[in-house]
Amino acid sequence: MRTSNYLLSTLKETPSDAEVISHQLMLRAGMIRKLASGLYTWLPSGLKVLRKVEQIVREEMDKVGAIEVLMPVVQPADLWQESGRWEQFGPELLRIKDRHERPFLLGPTHEEVITELVRKEISSYKQLPINLYQVQTKFRDEVRPRFGVMRAREFTMKDAYSFHLTEACLESTYQKMHQAYCNIFDRLGLEYRPVLADTGSIGGSTSHEFHVLAESGEDAIVFSDSSEYAANIEKAEALAPQTERPAAQKSLAKVATPNKHTIEEVSNTLELSPNQVIKTLLVVGADEEGQESGVVALVLRGDHELNEVKAEKFPNVFSPLTFASDEAIKEAANCSAGSIGPINLSVPIIVDHSAAYLADFACGANEDGFHFTGVNWDRDIQGYQVADIRNVVEGDPSPCGNGVLNIKRGIEVGHIFQLGTKYSEAMKAGVLTETGKHETLTMGCYGIGVSRIVAAAIEQNHDKYGIKWPTAIAPFQVCILPMNMHKSHRIPDIANNLYQELQQAGCEVLFDDRKERPGVMFNDIELVGIPHVIVIGERNLDEGVVEYKNRQTGDKETIKIDEVVNFIQSKLTA
RNA sequence: CGGUGAUUAGCGCAGCUUGGUAGCGCACUUGGUUUGGGUCCAAGGGGUCGCAAGUUCGAAUCUUGCAUCACCGACCA
């Protein structure tokens, strides 16, 4: 490709609404342009990268026996009513109507459609197992789209769905897919980790997420420092203290804490450390049907954070987790937020293990401007349930029993689930077995955020000049930069020849034939991040050499003109 | 959804307080100059100032409503 026939579209200045580096660089390097909130046009360079990621994903899917299909973006509502998700999904499901007023939706995922397909096409155990995948546009009407294509509303995803007769068969495919995912991220050249994960709204049992490690990641992932254990913080279990709770020493006392609401204010006033104070959070409760009903108190140590995912799992806690309104707090605790405590609180109380381990602690007095000190469980508070409802923190013991936990940030780029029969049962997808018995199918589902990977790769591979693509997904592998070609009678021939030879050798090469100053060309190419650069200038031609520059390492060397093609090929296959 | 802020040329911004014929930098066009790291000089094109209503002789500027965009947001119990 010649730049004169291409749309390079680089920007000198950083658009003001881009916060994360990948978003800034994708705009500046001319990869994407925003059309509306969370909606992006892919420009030629961006699309090339996207296609390469897709291609690697396809090749690895095909290798483990998955078969490609393509399902519609627009899906009929009745399928989602059948699975129950029409009601279950919130406003992030974009619902639309056609000209006949029939309800449809823009697919955020395709479990329903694939299950509908499979229940019609698969009727015998002999056709199992089967693993179908697609690379398709998804739409999720995110509350807050941000970070460019990292959290866009419309995005490209590879989603695969496997169907089995037995759990064991599902487990086997799940392991193959796990390995395929590792192969994909290895080939992409990214630093990543598979971690144990919560299954969220998709449902199911076993689940792993694949995270690309990056400071800007939206997820916290925890690792054991001395084992293979890794999990999303949503999922990571906080172990209960192993020793006996200390005995009560102090007696209960009510102290005035006017206008002290936060844990920090209260602990400073009482001259206690935050881990000797507990906080009591009131959330909306749930009745037996899962409908909103009353409030529930969640009690945590002052220095700990609530884990919403864990809390939501309690049947008497409303899901999604919702904090009680000021009026509901007033009614339940007879005070305002900031002074709530579990003493004489007549709502269900769930206490985190580490809060339940405290003795002689402080808590709100359910009276504005007052706290209790010297509080002790059982002596002062009865009728509570103890559970794990907090986020783990660095230094906690690992749930696997070995080592302590570290926390890093990650970008979720893949997620695999063992779904079980959630959809196949709701949608009656089954086959006849060898004995002629009807059996419900067991499902797995496996997603990869293809467009998100592009952004994640940049988060991990950039410097102050721009993007440093891993060769596997660079928009071009090689760039030819002729210095002042328009003023030279030797350079045009050499550059053109090299361009043709490299193309014939199968290289993806960008030939910068613009009539630009060298500085402009260098800066653009470094911004775009092409890994291998050949600089052709008059000053080297007398020796019959050109300069090679590596974008990743910054290394330069001179190469004889007639050896360039071999040299580049060796770099690309290395 | 709540809070805050923004919306003026393709991009980044000033002008608004104190109403009076719309500016700067980058980009773009033309000519010259320069030529291995975002040259310099000159000339030029491009904006119903987000939309709608109001106040006024006169509104980018003041008022109201709407729209769009961005940032922050349970951790306070």
Side-chain angles (χ1 to χ4, degrees), chain A residues 9-20 23 27-28 30 33-39 90-92 141-148 257 259-266 274 277-284 295-308 311 320-326 328-330 332-333 335-342 345 347 352 355 362-368 371 389-391 393 465-466 481-488 491 514-527 533 535-541 546-547 549 556:
Chain A
S9 275
T10 54
L11 302 174
K12 251 188 213 182
E13 291 176 280
T14 305
S16 59
D17 55 358
E19 310 169 68
V20 294
H23 188 194
L27 290 166
R28 288 225 293 137
R33 288 292 180 261
K34 183 169 75 175
L35 179 63
S37 180
L39 303 176
E92 76 173 24
D141 200 356
E142 293 281 351
V143 202
R144 211 176 134 196
R146 60 189 133 165
F147 306 151
T257 50
N259 296 317
K260 308 297 181 191
H261 303 294
T262 67
I263 287 296
E264 197 185 356
E265 289 165 353
V266 170
V277 181
I278 61 163
K279 53 186 172 190
T280 309
L281 289 78
L282 294 184
V283 299
V284 174
V295 298
V296 173
L298 305 175
V299 177
L300 294 159
R301 213 170 76 186
D303 57 329
H304 285 152
E305 286 182 13
L306 176 67
N307 181 311
E308 282 191 31
L321 192 86
T322 313
F323 279 80
S325 64
D326 289 345
I329 291 173
K330 188 83 192 165
C335 66
S336 59
S339 303
I340 310 175
L345 191 64
V347 301
D352 185 69
C363 68
N366 295 328
E367 184 177 340
D368 284 344
H371 279 72
I389 54 170
R390 71 172 171 99
N391 280 335
V393 295
Y465 302 109
L481 284 192
M483 299 291 98
N484 303 306
M485 180 166 68
H486 302 270
K487 289 285 172 64
S488 160
I491 295 174
R514 290 176 299 174
K515 196 178 172 182
E516 284 290 355
R517 292 177 53 81
V520 174
M521 295 167 120
F522 280 120
N523 280 299
D524 273 350
I525 292 314
E526 278 162 9
L527 177 59
V533 181
V535 183
I536 306 173
E538 279 287 342
R539 67 153 83 139
N540 285 322
L541 287 187
V546 294
E547 182 182 297
K549 190 170 173 185
K556 295 178 184 175

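Letters go in sequence order (proteins before strands), and every chain restarts at 1.
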Visitor: Which atoms form the tightest heavy-atom contact between Ser488(A) and Glu538(A), and what is the distance?
Guide: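 For Ser488(A) versus Glu538(A), the nearest heavy atoms are OG-OE2, 2.6 Å.
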Visitor: Choosing from rG38(B), rG12(B), rC1(B), which nucleotide comes nearest the side chain of Val143(A)?
Guide: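 Nearest to the side-chain atoms of Val143(A), counting from C-beta on, is rC1(B).
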Visitor: Are any of Ser37(A)'s side-chain N or O atoms less than 4.0 Å away from OP1 or OP2 of rU68(B)?
Guide: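 Checking rU68(B) against Ser37(A), no side-chain N or O comes under 4.0 Å of OP1 or OP2.
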Visitor: Between the base of rG25(B) and the side chain of Glu13(A), is there a donor and acceptor pair under 3.5 angstrom?
Guide: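 Result: at least one qualifying N/O pair found.
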Visitor: Indicate, with a heavy-atom threshold strictly under 4.0 Å, whether Glu547(A) touches base, sugar-phosphate, or nothing.
Guide: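 If one applies the 4.0 Å heavy-atom cut-off, Glu547(A) turns out to touch a base.
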Visitor: Using Watson-Crick or G-U wobble geometry with both distances under 3.5 Å, which nucleotide pairs with rC11(B)?
Guide: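 In the structure as shown, rC11(B) has rG25(B) as its Watson-Crick or wobble partner.
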Visitor: Can you tell me the Watson-Crick or wobble partner of rG2(B), both distances under 3.5 angstrom?
Guide: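 Base-paired to rC72(B).
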Visitor: Less than 4.5 Å apart, side chain to side chain, heavy atoms only: is that true for Cys363(A) and Val299(A)?
Guide: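 No. Closest side-chain heavy atoms not under 4.5 Å.
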Visitor: With a non-hydrogen cut-off below 4.0 angstrom, is Ser339(A) in contact with a base, only sugar-phosphate, or nothing?
Guide: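 Result for Ser339(A) = sugar-phosphate.
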Visitor: Assign Gly537(A) to base, sugar-phosphate, or nothing according to its heavy-atom contacts below 4.0 angstrom with the strands shown.
Guide: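 Base contact.
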Visitor: With a 4.5 Å limit on heavy-atom distance, are the side chains of Arg33(A) and Ser9(A) in contact?
Guide: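 Arg33(A) vs Ser9(A): side chains touch.
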Visitor: Check for a donor-acceptor pair, side chain of Asn366(A) on one end and backbone N or O of Gly341(A) on the other, with a separation under 3.5 Å.
Guide: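 Pair found, side chain donor or acceptor close to backbone of Gly341(A).
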Visitor: Under a 3.5 Å cut-off for both contacts, is rA59(B) paired Watson-Crick or G-U wobble with anything, and if yes, with which nucleotide?
Guide: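 When the pairing criteria are applied, nothing turns out to pair with rA59(B), so the answer is none.
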Visitor: What contact category does Leu11(A) fall into here, base, sugar-phosphate, or nothing, at under 4.0 angstrom with non-hydrogen atoms?
Guide: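 No contact at all - Leu11(A) keeps every heavy atom at 4.0 Å or more from the nucleic acid.
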Visitor: Which one, rG37(B), rC26(B), rC71(B), comes nearest to the side chain of Asn523(A)?
Guide: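 Nearest nucleotide to the side chain: rG37(B).
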Visitor: rC40(B) P sits how many Å from Arg517(A) CZ, rounded?
Guide: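 Checked: the CZ to P distance equals 9 Å.
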Visitor: State the pairing partner of rA52(B); accept Watson-Crick or G-U wobble contacts with both distances under 3.5 Å, and report none otherwise.
Guide: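 By the stated definition (distances under 3.5 Å), rU64(B) pairs with rA52(B).
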Visitor: Taking the side chain of Lys279(A) as heavy atoms from C-beta outward, which of rG36(B), rG38(B), rC75(B) is closest to it?
Guide: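 Ranking rG36(B), rG38(B), rC75(B) by closest atom to the Lys279(A) side chain puts rC75(B) first.
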Visitor: Looking at the side chain of Phe522(A), which of rC75(B), rG37(B), rG25(B) is the nearest nucleotide?
Guide: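 It is rG37(B).
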Visitor: Please figure out whether Glu538(A) or Phe323(A) has its closest RNA chain B nucleotide nearer the 5' end.
Guide: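 Mapping each residue to its closest nucleotide by heavy atoms, the 5'-most match is Glu538(A).
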Visitor: Nearest to the side chain of Lys12(A) - rG12(B), rC72(B), rG38(B)?
Guide: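 Nearest listed nucleotide: rG38(B).
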Visitor: NA contact type, Lys330(A), heavy-atom cut-off 4.0 Å: base, sugar-phosphate, or nothing?
Guide: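 Answer is nothing: Lys330(A) stays at 4.0 Å or more from every strand.
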Visitor: Is it true that a side-chain atom of Arg28(A) and a backbone atom of Glu13(A) form a donor plus acceptor pair closer than 3.5 Å?
Guide: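 A pair under 3.5 Å: no.
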Visitor: Would you mind classifying the nucleic acid contact of Leu321(A) as base, sugar-phosphate or nothing, using non-hydrogen atoms under 4.0 angstrom?
Guide: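 Here Leu321(A) touches the bases of the nucleic acid.
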Visitor: Heavy-atom nearest nucleotide on RNA chain B for Val283(A) versus Asn484(A): which residue maps closer to 5'?
Guide: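 By nearest-heavy-atom nucleotide position, the 5'-most residue is Asn484(A).
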Visitor: Is it the case that the side chain of Asn484(A) and the backbone of Pro518(A) share a donor-acceptor pair, with hydrogens and angles ignored and the cut-off at 3.5 Å?
Guide: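 Side chain of Asn484(A) to backbone of Pro518(A): no pair is present.
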Visitor: Now, which nucleotide makes the Watson-Crick or G-U wobble pair with rC16(B), with each of the two distances under 3.5 Å?
Guide: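 Paired with no nucleotide.
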Visitor: Considering only rC69(B), rG37(B), rA27(B), which nucleotide approaches the side chain of Lys34(A) most closely?
Guide: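 Nucleotide nearest to Lys34(A)'s side chain: rC69(B).
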Visitor: Of all the nucleotides listed (rG38(B), rG37(B), rG12(B)), which has the minimum atom distance to the side chain of Asp524(A)?
Guide: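 Between rG38(B), rG37(B), rG12(B), the one nearest the side chain of Asp524(A) would be rG38(B).
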Visitor: Provide the Watson-Crick or G-U wobble partner of rG31(B), both distances under 3.5 Å; none if there is no partner.
Guide: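 Its partner is rC41(B) (Watson-Crick or G-U wobble, both distances under 3.5 Å).
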Visitor: Please tell me which of the listed nucleotides, rG25(B), rG36(B), rC71(B), lies nearest to the side chain of Asn540(A)?
Guide: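 Between rG25(B), rG36(B), rC71(B), the one nearest the side chain of Asn540(A) would be rG36(B).
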Visitor: Given rC75(B), rG36(B), rG73(B), identify the nucleotide with an atom nearest to the side chain of Met483(A).
Guide: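 The closest nucleotide is rG36(B).
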Visitor: Select base, sugar-phosphate, or nothing to describe what Val535(A) touches, counting heavy atoms under 4.0 Å on all strands.
Guide: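 Since a base atom lies under 4.0 Å of Val535(A), the category is base.
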Visitor: Checking contacts here: which listed nucleotide (rG25(B), rG37(B), rC69(B)) is nearest the side-chain heavy atoms of Asp17(A)?
Guide: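 Out of rG25(B), rG37(B), rC69(B), the nucleotide with an atom closest to Asp17(A)'s side chain is rC69(B).
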Visitor: For rG36(B), does OP1 or OP2 lie under 4.0 Å from any side-chain N or O of Arg539(A)?
Guide: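 Indeed not, no polar side-chain atom of Arg539(A) lies that close.
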Visitor: Can you check salt bridge (Lys or Arg N to Asp or Glu O under 4.0 Å) on Lys549(A) and Glu526(A), steps first, answer last?
Guide: CA-CA 11 Å; Lys549(A) 190 170 173 185; Glu526(A) 278 162 9; 3.2 Å; yes
Visitor: What nucleic acid atoms does Ile329(A) come within less than 4.0 Å of, heavy atoms only: base, sugar-phosphate, or nothing?
Guide: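 Ile329(A): base contact, heavy atoms under 4.0 Å.
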Visitor: Please classify the nucleic acid contact of Thr280(A) as base, sugar-phosphate, or nothing, using heavy-atom distances under 4.0 Å.
Guide: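 Contact class for Thr280(A): base.
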